[in-house]
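Just so it is clear, the values below take in all heavy atoms, side chains as well, and ignore hydrogens, waters and symmetry mates.
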Amino acid sequence: MDLTWEFVLRIFVAALLGGVIGLEREYRAKEAGFRTHFLVALGSALFMIVSAYGFEDIVSQPGHRLDVSRVAAQVVSGIGFIGAGTIIFHKSENVVRGLTTAAGVWVTAAIGLACGGGMYVLSIASTVMVLFGLEAFNYFLHKFDRKRKS
């Protein structure tokens, strides 16, 4: 397979997996939904690909080295700002909302980076675990609420 098509596959899988997480968030009417998670995963994968392969002409010159992990580290920092935007403190209720959504955006970026690195099995397994964690938590939370109310 041509490397360009491999890269397209990587961003496609990243966008798909991010979109699946986003659909769950959208279904729960959370702050960040399908489009946000879709774009975060796709963008993270693209950053990873550009970081690892976008400068091959420079790396091929003697005496030049690049650290591909630098871009990944900056994606993590940048996503922190997006996640922070989803966290809201309600003074009247004295509660913080949006932490799970922020964490979801953060892990979606990690899944995108993994896809960009070609780690499909890890990305898919992580997505399944995220969905399980979100749904299992929701299930048990409702179960305990019913017991407390009765």
Side-chain angles (χ1 to χ4, degrees), residues 1 3-59 64-145:
M1 179 187 280
L3 204 52
T4 302
W5 287 109
E6 171 66 22
F7 295 156
V8 170
L9 178 64
R10 290 179 187 191
I11 63 171
F12 178 79
V13 172
L16 183 69
L17 296 175
V20 169
I21 294 170
L23 284 174
E24 189 280 335
R25 300 278 72 201
E26 191 94 23
Y27 176 74
R28 302 267 176 228
K30 299 303 179 182
E31 294 83 359
F34 173 78
R35 291 183 301 182
T36 302
H37 287 80
F38 176 91
L39 292 172
V40 164
L42 187 147
S44 297
L46 185 58
F47 276 124
M48 184 61 140
I49 292 166
V50 169
S51 176
Y53 301 98
F55 305 101
E56 287 184 340
D57 55 333
I58 295 171
V59 176
H64 287 91
R65 292 183 333 156
L66 295 176
D67 182 6
V68 297
S69 67
R70 285 180 165 206
V71 172
Q74 296 307 312
V75 168
V76 174
S77 298
I79 291 302
F81 285 101
I82 292 175
T86 66
I87 300 170
I88 300 167
F89 175 69
H90 293 277
K91 204 172 197 177
S92 61
E93 301 172 29
N94 203 27
V95 294
V96 176
R97 298 197 191 278
L99 288 174
T100 302
T101 300
V105 170
W106 180 71
V107 76
T108 300
I111 290 167
L113 287 172
C115 281
M119 300 177 208
Y120 299 115
V121 174
L122 180 64
S123 302
I124 293 168
S126 298
T127 302
V128 169
M129 291 173 71
V130 166
L131 293 172
F132 176 77
L134 291 170
E135 289 302 313
F137 178 73
N138 197 44
Y139 172 79
F140 287 117
L141 191 63
H142 285 295
K143 197 116 173 132
F144 289 129
D145 267 352

Participant: Check whether any side-chain heavy atom of Thr127 lies under 4.5 Å from a side-chain heavy atom of Ile21, and answer yes or no.
Facilitator: yes
Participant: Locate the shortest heavy-atom distance separating Val105 from Ala32; write the atom from each residue and the value.
Facilitator: CG2-CB, 4.0 Å
Participant: Measure the shortest side-chain to side-chain distance between Val50 and Val71 over non-hydrogen atoms and say whether it is less than 4.5 angstrom.
Facilitator: no
Participant: Between Glu26 and Lys30, is a salt bridge (charged side-chain N to carboxylate O under 4.0 Å, His left out) present by the stated rule, with each step listed?
Facilitator: CA-CA 6 Å; Glu26 191 94 23; Lys30 299 303 179 182; over 6 Å; no
Participant: Just wondering, are more than 12 heavy atoms of other shown residues or ligands nearer than 6.0 Å to CZ in Phe7?
Facilitator: yes
Participant: Do Val76 and Trp106 have side chains that get closer than 4.5 Å, going by heavy atoms?
Facilitator: yes
Participant: With rounding to the nearest 0.5 Å, note down the distance linking OG1 in Thr86 to CZ in Phe81.
Facilitator: 13.5 Å
Participant: Considering non-hydrogen atoms only, spot the tightest contact between Ile87 and Gly98 and give its length.
Facilitator: CG1-O, 3.8 Å
Participant: Testing the basics here: between Ala41 and Gly18, what is the closest heavy-atom pair and its distance to 0.1 Å?
Facilitator: CB-CA, 3.8 Å
Participant: Could you tell me the separation between the CZ atom of Phe47 and the CG atom of Leu42, rounded to the nearest 0.5 Å?
Facilitator: 10.5 Å
Participant: Go through it in stages, so that I can follow the logic: the residues are Leu16 and Val13, the test is side chain to side chain contact (heavy atoms under 4.5 Å, CB included), and I'd like the CA-CA distance, side-chain angles, deciding distance and then a yes or no.
Facilitator: CA-CA 5 Å; Leu16 183 69; Val13 172; 5.5 Å; no
Participant: What verdict does the side chain to side chain contact (heavy atoms under 4.5 Å, CB included) test give for Arg25 and Leu134, after you've listed the backbone C-alpha separation in whole Å, the side-chain angles of each residue and the deciding distance to 0.1 Å?
Facilitator: CA-CA 9 Å; Arg25 300 278 72 201; Leu134 291 170; 3.9 Å; yes
Participant: Determine the minimum heavy-atom distance between His37 and Thr108, stating which atoms define it.
Facilitator: CD2-OG1, 3.1 Å
Participant: More than 12 foreign heavy atoms under 6.0 Å from CZ of Arg35: is that the case here?
Facilitator: no
Participant: I want to check something: taking the side chain as every heavy atom from C-beta on, are Glu135 and Arg28 in contact at a cut-off of under 4.5 Å?
Facilitator: yes
Participant: Which atom pair, heavy atoms only, marks the closest approach of Ile11 to Leu46?
Facilitator: CG2-N, 4.0 Å
Participant: Please step through side chain to side chain contact (heavy atoms under 4.5 Å, CB included) for the pair Ile124 and Leu17, ending with a clear verdict.
Facilitator: CA-CA 7 Å; Ile124 293 168; Leu17 296 175; 4.1 Å; yes
Participant: Would a distance-only check, ignoring hydrogens and angles, find a side-chain to backbone donor-acceptor pair under 3.5 Å from Ser123 to Cys115?
Facilitator: yes
Participant: Any heavy-atom pair between the side chains of Tyr120 and Leu9 that's under 4.5 Å?
Facilitator: yes
Participant: Quick one: pull up CD1 in Ile82 and OG1 in Thr36 and give me the separation to the nearest 0.5 Å.
Facilitator: 8.0 Å
Participant: Would you give the length of the straight line joining atom CD1 of Ile49 to atom OG1 of Thr4, rounded to the nearest 0.5 angstrom?
Facilitator: 10.0 Å
